[in-house]
Amino acid sequence: MDYLIDFSIEEANELLQQLLQNQEHFFFSEKELLKLSKQSIEPILQKTCLDIAKLMKCERVEIWLFNEEQTKLRLETSYDSRGTHPFSKATLLQHEVPAYFEAIVHKRTLAVDDVATDPVMHGLRESLSLEYHPFQSMLDASIVLNWGVGGVICCLSKQKRHWTPVHRHVLASVADMFAFIFDRLHRQETENYIYKLAFTDTLTGLNNEHAFYKKTEESLKTLSAEERGIFIYMTLDQFTNVQNVLGHDGGEEVVINFAQRLHSAFPKPSIIARIGFDHFVIYSPISLKNNQGAILSKEITNTLTEPMTILGQEVYMTFSYGMAYYPNHFDNVKDGLQVAQIALEHARKQTSRKAIGLYKPSMHTFIKESLLSEMNLQKGLDLKQFQLFYQPQVQCDTGQVKGFEALIRWQHPERGLISPIDFINLAESTGLIAHIGEWVIQEAVTQLKKWQAEGKDYLTVSINLSPAHFLNADLPDYLLKCTERAGIAPQSLVLEITENVAIEDRDAARNRMAELRAMGFSISIDDFGTGYSSFAYLQNLPVHQIKIDRQFIRNISTNQNSAAIVQTIVQLGKTLGLQVVAEGVETKAEWDILKQFGCGSIQGFYFSRPLPVSEINALFQKTALDYQLYLPLSLQV
Ligand code: C2E
Ligand code: MG
Ligand code: MG
């Protein structure tokens, strides 16, 4: 038994003690966990490899990590008693060493006493070149992450060994510590990414509105007395026509292209953001000495209007803009955006193309009044011009309709069907939102009762509540009154609020959530990932559900990174005991991926657009089952 190397009790104790200390440091030190990054864990990994080499009496210890598909292992870090000695080939492919891959994916540990003869090693020595030759025995432990086996820790000994259960157990415990670290790292990277997304317009990579506010506020503070801040509100001319010709994808291409041009036309310290489909805002600090005047230079205009080639067609885009100066015309970012937009609207009254407007205070009242009279929301309410459309929410694994989201539309006599995006903000700023919200609650509850009375008593309806309405003192009583009168359980009404409600007025929002939850209503965080909140914050809120925003879903079938993010959100959501809903599912491929991730429910155009009640009822009538509906209909017999 000369190949069996044992430790003296003292030696083993000391090393195990060291290992335990290492682990304690990681499992319990908040500070270490907070500063985890790819760079900061490298020395930790190396140090631990060294400790394990001593503990196991091995000459070499390695950490290998899988790619997402578990088809490739990459050497992450190693310790070698000969000094830094990486193998010439630091990747292993599944098809080169199938037995080895099979073993580490399915076994907690893999002990190979004799590397030369063990069939599991078939191909491994060849793959890793001659440098493997001095090693005679190998012990591996799999690193099991949240989503499955993520890699392996591998000890190599020059002497033949007989690996005992003690060896296996120790190595497995180290592998678990690595798993803990890697899971934390992944979670942190995801949160950082979500945070970044909260400030980025995903279509163009420009700033989004939040980021614009934040960065511009900072920049305004640094302006000197010789400087002014210029705000430009810009939109593309006749963009709807362009979209009609080029379709939605073509429209997006145009916007992306234009954003790139803005990016080069307005270098730093200018700040550019996209705040609506084809709406951009630009902030630039300018010196009074070389006052560039109230119009953009010819050079910039030419750069922005050069023809673009979109989907093989040459497209000529022009743009219009309104301008305003800080501090002459406004004293904060919010007002700056508003007055620059007013300058634009005003100029657009003269011409619909290449309009240029410089803000004058006299424009203000004029525009506000005309907007209000055009969109007389109160009249819309009085004349019953609002309507709720319903979009099905289906159970992800089966496609069964479990409920609907109620989405408001305004059937305007002159302007046709108006989307909520175009009037909810106005309703909020004029204070009419609570009235509209109450109408929505009443209408949705009445409709839900009708469906439940027809035997579809399992259905739920989600409604969207504006921040101001959510915090309104009358809301809880009103909700209770409506549900009681209709005779539906509060549990079947889901209240959707956006993340920012929860952030802006934390205590009030938390109290309101707790109050509504105690009454039995369900609370859902809409557009999850687009605001500022993080999982750590959500943990403390009485929330039932998160709805992953459409922007995360749109790339999951083409971009692995997006898919990984969504997978993490789904997993973390579930860990917190939340229902997870994915919004904006447009293709079968996206559905399949979400199914694989174990997402709870989904909603999106792939299943159905938001529809008026009559069309939802028609869908129910088309199915063979009386009161159950599976979507998409094309997949049902
Ligand atoms: P939301 O609550 O996030 O609603 C989802 C929006 O995404 C809806 O737009 C819906 O039509 C759209 N959508 C659903 N599936 C897909 C898809 O597969 N692809 C794409 N591209 N879009 C999809 P909608 O109806 O225009 O509503 C926009 C926003 O207006 C809503 O966003 C919500 O924030 C707000 N809103 C709607 N109804 C109300 C309401 O009654 N009260 C309040 N306060 N806000 C409302
Ligand atoms: Mg919603
Ligand atoms: Mg949403």
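Start at 1 and go down the list; that is how both ligands and their atoms are numbered. By convention here, the first residue in the shown sequence is residue 1.
- Applying the 6.0 Å contact sphere to NZ of Lys595 captures more than 12 heavy atoms from other residues, nucleotides or ligands.
- Side chain of Asp526 to main chain of Thr498: no donor-acceptor pair is present (N/O by atom type, distance under 3.5 Å, no hydrogens or angles).
- The minimum distance between the Mg ion (ligand 2) and any N, O or S atom of Glu405 involves atom OE2.
- Residue pairs that meet the ring-ring contact (aromatic ring centres under 6.0 Å, His included) test with at least one member in residues 445-490, sequence neighbours left out, are Tyr390-Trp451, Phe404-Trp451.
- Evaluation of the side-chain contact (heavy atoms from CB on, under 4.5 Å) rule for Thr446 yields Gln442 as partners, not counting sequence neighbours.
- Protein residues lining ligand 1, listed by chain and number: Gln391, Glu405, Leu407, Ile408, Arg409, Ser419, Pro420, Ile421, Ile424, Val440, Asn464, Ser466, Glu496, Asp526, Asp527, Arg550, Glu583, Gly584, Val585, Glu586, Gly604, Phe605, Pro610 [non-hydrogen atoms, distance under 4.0 Å].
- A donor-acceptor pair is defined here as one N or O able to donate and one able to accept, closer than 3.5 Å; no such pair exists between the side chain of Ser320 and the backbone of Asp237.
- Under a 3.5 Å cut-off, the side chain of Ser419 and the backbone N or O of Ile421 do form a donor-acceptor pair.
- Between Phe231 and Phe330, the distance separating the two ring centers is shorter than 6.0 angstrom.
- With hydrogens and angles ignored, the 3.5 Å screen pairs a side-chain donor or acceptor of Glu590 with a backbone N or O of Glu586.
- Ring-plane geometry between Phe423 and Phe386 is classed as tilted, the angle between the planes lying from 30 to 60 degrees on a 0 to 90 degree scale.
- For a distance bound of 2.8 Å, the N, O or S atoms of Ser524 include none lying that close to the Mg ion (ligand 2).
- Salt-bridge annotation for Lys215 and Glu218: absent, with no side-chain N of the basic residue lying under 4.0 Å from a carboxylate O of the acidic one.
- Counting only protein N, O or S atoms, the number found under 2.8 Å from the Mg ion (ligand 3) is 4.
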